[in-house]
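Heads up, the thing below is written out as structure tokens.
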Amino acid sequence: MSRILRSSIQQVFVFAALILIYIFFMIFAPNFAQPTIALDIVQQSAYVGVMALGATFVIATGGIDLSVGTGMTFAAVMAGVFLSGDWMNLPLAAGLLLTLLVGAVVGLINGLNISYLGLPPFIATLAMMMVARGLALVISDKSTISIKNSGYIWLASGELIPGVKNAILIFIIMAIIAAVLLNKTLLGRYALAIGSNEEATRLSGVNVKFWKTMVYIAAGVFMALGAILYSARFGFVQPAEGVGFELNVIAAVVIGGTSLSGGRANIIGTVVGALIMETLRKGLQMMGIAQEWQLVVTGIVVLIAVFVDIVRRKRQSTV
Amino acid sequence: MSRILRSSIQQVFVFAALILIYIFFMIFAPNFAQPTIALDIVQQSAYVGVMALGATFVIATGGIDLSVGTGMTFAAVMAGVFLSGDWMNLPLAAGLLLTLLVGAVVGLINGLNISYLGLPPFIATLAMMMVARGLALVISDKSTISIKNSGYIWLASGELIPGVKNAILIFIIMAIIAAVLLNKTLLGRYALAIGSNEEATRLSGVNVKFWKTMVYIAAGVFMALGAILYSARFGFVQPAEGVGFELNVIAAVVIGGTSLSGGRANIIGTVVGALIMETLRKGLQMMGIAQEWQLVVTGIVVLIAVFVDIVRRKRQSTV
Amino acid sequence: DETTNEPAPAETTAAAPETTAAETETTPAETEPTDSEPAEAGDVPKGNGETIYLVSKGFQHRFWQAVKEGAEQAGQEYNYTIEFVGPQDETKVTEQLDMLKTALDSQPAAIGLAALDSGAAESLLTEIQAANIPIIAFDSGVDSDIPLTTVSTDNTAAAAEAAKHMAELIGNTGTVGLICHDQTSATGKQRCDGFQDWMAENAPDITVLEPQVAGEVGLAANTAKSMIQANPDLVGIYGTNEAAATGAIQGANESGKEGLTVVGFDSGKTQLEAIRNGSQAGAVTQSPVLMGYETVVAAIKAINGQELPETIDSGFAWYDASNIDDPEIAGNLYE
Amino acid sequence: MTKLLELKNVSKTFPGVKALQNVHLDLNAGEVLGLCGENGAGKSTLMKVLTGIYKPDPGAEIWLQGEKVQVRDVNHARDLGLSIIHQELNMVPDLTVAQNLYLGRPGSHKAGWVNDAQMNRDAGELFDKLGMSVDPKARIGDLSVARQQMVEIARALSYNSRILVMDEPTAALTIAETEALFGMIRDFVTPETGLIYISHRMPEIEEITDRVSVLRDGQYVGTVTTDEVEMREIISMMVGREVSGDARPRNKVTSDEIVLSVRDLNTKKLLHDINFDVRRGEILGFAGLMGAGRTEVARCVFGADPRTSGEIHVNGKKVDIRTAADGVRAGIGYLSEDRKTFGLLLDQDIKANTVMAAMKDFNIGGFILDNKIRTVGTEYSDRLRVKTPSVNQLLGKLSGGNQQKVVIAKWLVRNCDVLIFDEPTRGIDVGAKEEIYALLEQLCEQGKGIVMISSELPEVLRMSHRIAVMAHGRITGILENEDATQENIMELATVGKAQLNGEVA
Ligand SMILES: Nc1ncnc2c1ncn2[C@@H]1O[C@H](COP(=O)(O)OP(=O)(O)OP(=O)(O)O)[C@@H](O)[C@H]1O
Ligand SMILES: Nc1ncnc2c1ncn2[C@@H]1O[C@H](COP(=O)(O)OP(=O)(O)OP(=O)(O)O)[C@@H](O)[C@H]1O
Ligand SMILES: [Mg+2]
Ligand SMILES: [Mg+2]
């Protein structure tokens, strides 16, 4: 494991960007230089981060998942349906399992549409994005659903390690699981192979349709976990949220160095990508910068970070 | 021209979907079966449609342009700056030219970032999406800018042909121009070649970086034209609008049969794609279906339309 | 909101006899619409199921659902069919205008419009007028003479009301943060500006931070947290809608900040809970149900060619743990 | 007399690889210079330096007719009269033949306007002149590799360059096209022009070149005049040792057991009533002209393409093959003729590619056995002498021949009962070719059944126990090795369509 970790970090030059950005804010943003801020950043990036871990697999196959934003809301609404006192009021474990199952089903449908009907991932998941949003609104009747299950809320906001929110732990654990899945299992190996050359993979006797579907299912499960982290933080779900989250998720993956054309992926990169976005947001907010300027600065910093990453990558490979 | 038109339409099986959807609404949506409704649909899809024409070139190269939504708003804000009485109050022609120039500059920056800095199109245009949004808000000071220039409004809402809004004419003319650009000029030829095999194109002696940049510039100009149609329709710009439009634009292109992996593009398809989306919206609204269900239905119809398209395409190519 | 004049006196609206001006928070802004039924039964003719088409500012927020409920209540009473639509969020002006166009295309008996942008609809309104369809503005006004009346809440005054209570609660001194749910829509701006303006004029010892924008709960919570962390002397946060206020409370909880005064706007399940359990000081509510009801009644009158006042105030009210269950308040709160 | 071209002191270093070290090369006007060397010797790299695709290490000099030049890029090279046919196909699949021919070429447009009708006419004339029959309007991606190669050749010839480089142009061609190509080469060479010809096929080198330069391990070994030496000598310059070449199989099929049996196979497009058996320990060769349908038979049997009717039996059991996965599961392996499109994961490393078809043996419960993969990857890359710094090298960075070896390794690792090799030695040097022949023989001895498709008749004769000859989607005859000669194979391969239809009718 540590070998993988080391070699991955070496490949994540964008890590340097994170450090630089962090140091900048330590100097210029009031009160930024506290450990709690760092923890906040990890906590706040946890749900996007966890979803981005799953999206890394999809992107590794050369696909894309636009449904991850509203799909998250849909899964969270279903968590509410399973667990809320006003609805089914199931035991916590059952509710969690069913929620993950909802995510898996969303992924399964995406996967089937893409693998077996041959729809382009962009279209299949765009359609799912609309359907998930519609269903979230239909099921919740456009009302906030509250999930006042204390165990549920503990999942994200409890502190198994004092001072460290469980969401952070879950994010770390899921990152490790994702790294193992990507580097050490057939799922990851085949995802990369498909992204590299789908036809050659098929002609090697790999059941490409099956494995692609599995990848979308996995992404769906990560999405559902993101939904749990998101809704457990507040103990309620607003069914209209989630629109546009997919871009944050994909951005985290791509900033982390995973190529949208498939074949290469980097889990640590995805984690760093999610952290960069959240650090920027937090730091700029704490500097009290107006939101419109935050947008401009974030855009430019992302450009520079990825550019530096590309330059260093190239230099390394030609030396 | 007519030959191109004929052969393109033959390839756009999704055209059949548009017809079917239209007939469905003629039967089931009250008041839908009037010629004015058809004109409304074309008019309302004009600005997304025009931007989608430009995006077709970008997608033909295998790229993507996420900045087209907020970039449109930015260009429209700049049109307001150039033309509005409260601001620079320039003559119409100058204002229009400058607005198109703004679009070209946005495209140029995207193109340079992608071609010369080697940034992935997704990241380069995502950053531009944020920057353009921020700048639109900064410049407008977050207020609606009204452009009460009667010539400007006439551009979109006037009726050179009685009963037909000029926006419709402009859409048609731009579609023809785009089709010519794609099929009859180096720009289109090289865009397709780059999307099909960038390395082979480079080895054929094509200055790939230059032409890719040109493609993004062209897309920027189409975007600015979209911005003009959009803001001239009602004579104002809301600087926060435009977020999420990029998905509508890309969806129109992809539904029309242009492949996101590049190399193949279809202008008529893009037009039909834009019309399908707008017809669905209009028809479902007129049927008085609850909006959350509209989302679900739209998602499913888009899936089916593209699926049928794929099946027919496959059948044609194997017969 | 262009009709930011003082709320119209109650007697100008036959439809809502009990509606009073909202200057004092102790006076409930309005009552259950059903209460007003007898008073107007004679005035308002019944229809034959014709359609009244309401174009709102959003379809998926409970506020608009409550407006819709009020509208449907009136529709049922007077036998009209209500179509109620709205764009995805408050920045989607064009989408709203397309909906207005669709409303016109479907030839209803009357149209109600809650305009996202006061100037944008001009040309469409002219078309609607030409088609002889009466149009009523609601929630916020329109820069035009065409709407026959405007049924609205004065958002600026309501925000000032929130500011007044905030100042009182924090003892007229300290640093206060603002989380605005939206920075470009008329409503969003008024709720933000009204608060800032009142503070600037009436509370010289209160420092108001640069407003931050966050339209959804997660973002609002993160923003509130950043605000609290960057400004240890922060004593209060005002959130301009349910998500912003709820986010502020969550941010305070997570950052371990004690004694922060949170003031909100509108209602919704999470805000109501927070006010009941004391983590939120209170909020300003509009009267969405009444607004919907009044809009439809005004539309019916317009269809029948009856006189309408220039504005109809649907009012607002401050509520906190003490009066949250009062019937006059509770009727305007939704979960 | 000044040389047409002189390369002096050319070195090129890639990360971890010294591809070229102080290489010299000269080309006289009016000659065809052969360039030989093992896989990875640096032939392609040298030619890419010459044509401006790679920047050489400092110190390299390129002299054209006595003038020192610095080649900046592809266009500059072309302006200088240098053009190249690359070893890998460089075609834009989504454009038509004519569009590809004129892509990026000065004068192919008028002020930015392109005229497809004109291009189609010009392309038609060009093909007529060269004696090729290709439809200018066909989409390149729909053509077979061989046809694409012909289009590349036509394109390169049409530049009217002074110096033309051909990097393994015949790797995808059969005898008939190779002969046609030689005709074109002879027409091309005039007292003002010269041609550099790279090939691993020694008879071609013998036939077409005037002199031969040899590279070994990135270093210049020497130049000889073709007429004055035996091919053996060139080969030993290349590999540093003698390579013997038998003309016929060294072993006999001993078993009567049939491992693969194909009955009445038909496809929509091309194939008609294909029937053949492969016995345990037998190599069944497939010969035929380009487009005869050999590849289609292979893909269809393997499950890569659908068939309209026909039965396939493996080890006497009828198997239901509908997808490639079914084919592999039934014990059939298929090595494609187009490694770049169908065989390789270019951005994965050697070891990952090596085990790709056999992942079932390299995981436990879905968890990958990395150590085993590394061991096996290393074992096979040693065994096949893949020239690489390590098994962690990405496939895209290997020379063409070495890539081919990795694809072969992939199927060796999988250990199928039936192996279909489609042009297995394409782009493989003489030394390695012998190794692969030896390997195929070993596989036979292990009792596997092998189908070998090859466009090199000597190779077919050298390896196959029996030879199936195809024409127009049918098998026109199956010959025992003893009875087969180049002549009677060609006779069967060129049976006319009308004749075939007549026979059937
Ligand atoms: N882009 C690259 N990056 C790293 N190494 C490379 C690259 N291109 C070639 N090489 C290495 O340089 C050496 C020479 O390769 P080259 O392609 O010139 O061989 P070749 O003589 O053409 O062989 P073949 O007969 O197999 O085509 C090989 O060891 C190859 O692995
Ligand atoms: N004259 C032609 N023009 C275009 N395509 C052709 C022509 N002849 C054959 N093809 C294509 O080539 C394919 C059939 O050839 P296949 O590859 O099976 O033959 P092969 O005998 O393996 O020859 P090759 O040496 O080209 O591999 C078919 O897909 C067919 O469409
Ligand atoms: Mg080579
Ligand atoms: Mg073949």
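All of these numbers come straight from a predicted model, not from anything done at the bench. Side chains are part of it too, since the values below use all heavy atoms of this structure and drop only hydrogens, waters and symmetry mates. Each chain gets a letter, A, B and so on, in the order the sequences are listed, and its residues count up from 1.
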Q) If you round to the nearest 0.5 Å, how far is CD of Gln44(A) from CD of Glu254(C)? A) 7.0 Å
Q | Inter-residue atom distance Ile289(A).CD1 - Glu210(C).CD, 0.5 Å rounding | A |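 Here the interatomic distance stands at 10.0 Å.
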**Q.** Sole candidate of Asp40(A), Thr36(A), Ile37(A) that passes side chain to side chain contact (heavy atoms under 4.5 Å, CB included) when paired with Lys225(C)
**A.**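 Going through the options one by one, the only one that passes is Asp40(A).
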Q) By a 4.5 Å heavy-atom criterion (distance strictly below it), what part of Phe32(A) contacts chain C: side chain, backbone, both, or neither? A) neither
Q) Under a 4.5 Å heavy-atom cut-off, does chain C meet the side chain of Phe234(A), its backbone, both or neither? A) both
Where is the tightest heavy-atom contact between [X] and [Y], given as atom of each residue plus distance?
X: Gln291(A); Y: Val213(C); answer: OE1-CB, 3.6 Å
X: Gln285(A); Y: Gln212(C); answer: O-NE2, 3.9 Å
X: Glu241(A); Y: Gly218(C); answer: OE1-N, 4.1 Å

Q: Considering only heavy atoms and a distance below 4.5 Å, find which of Arg281(A), Arg233(A), Glu292(A), Lys165(A) pairs most often with chain C.
A: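 Top option by heavy-atom pairs under 4.5 Å: Arg233(A).
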Q.
Non-hydrogen contacts under 4.5 angstrom with chain A: give the residues of residues 227-242 of chain C involved, or none if there are none.
A. Gln229(C), Ala230(C), Asn231(C), Pro232(C), Glu242(C)
Q: Assess whether atom CD of Gln34(A) is packed by more than 12 heavy atoms of other residues, nucleotides or ligands within 6.0 Å.
A: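 Enclosed.
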(Q) Taking CH2 in Trp293(A) as the centre, count heavy atoms belonging to other residues, nucleotides or ligands within less than 6.0 Å. Is the count above 12? (A) no
[X] versus chain A, heavy atoms under 4.5 Å apart: side chain, backbone, both or neither?
X: Thr270(C); value: side chain
X: Ser255(C); value: neither
X: Ala221(C); value: both
X: Gln65(C); value: side chain

Q) Going by an N to O cut-off under 4.0 Å, is there a salt bridge joining Glu273(C) and Lys148(A)? A)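 Yes, charged N to carboxylate O under 4.0 Å.
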Q. Do the side chain of Glu216(C) and the main chain of Gln238(A) share a donor and acceptor less than 3.5 angstrom apart?
A. no
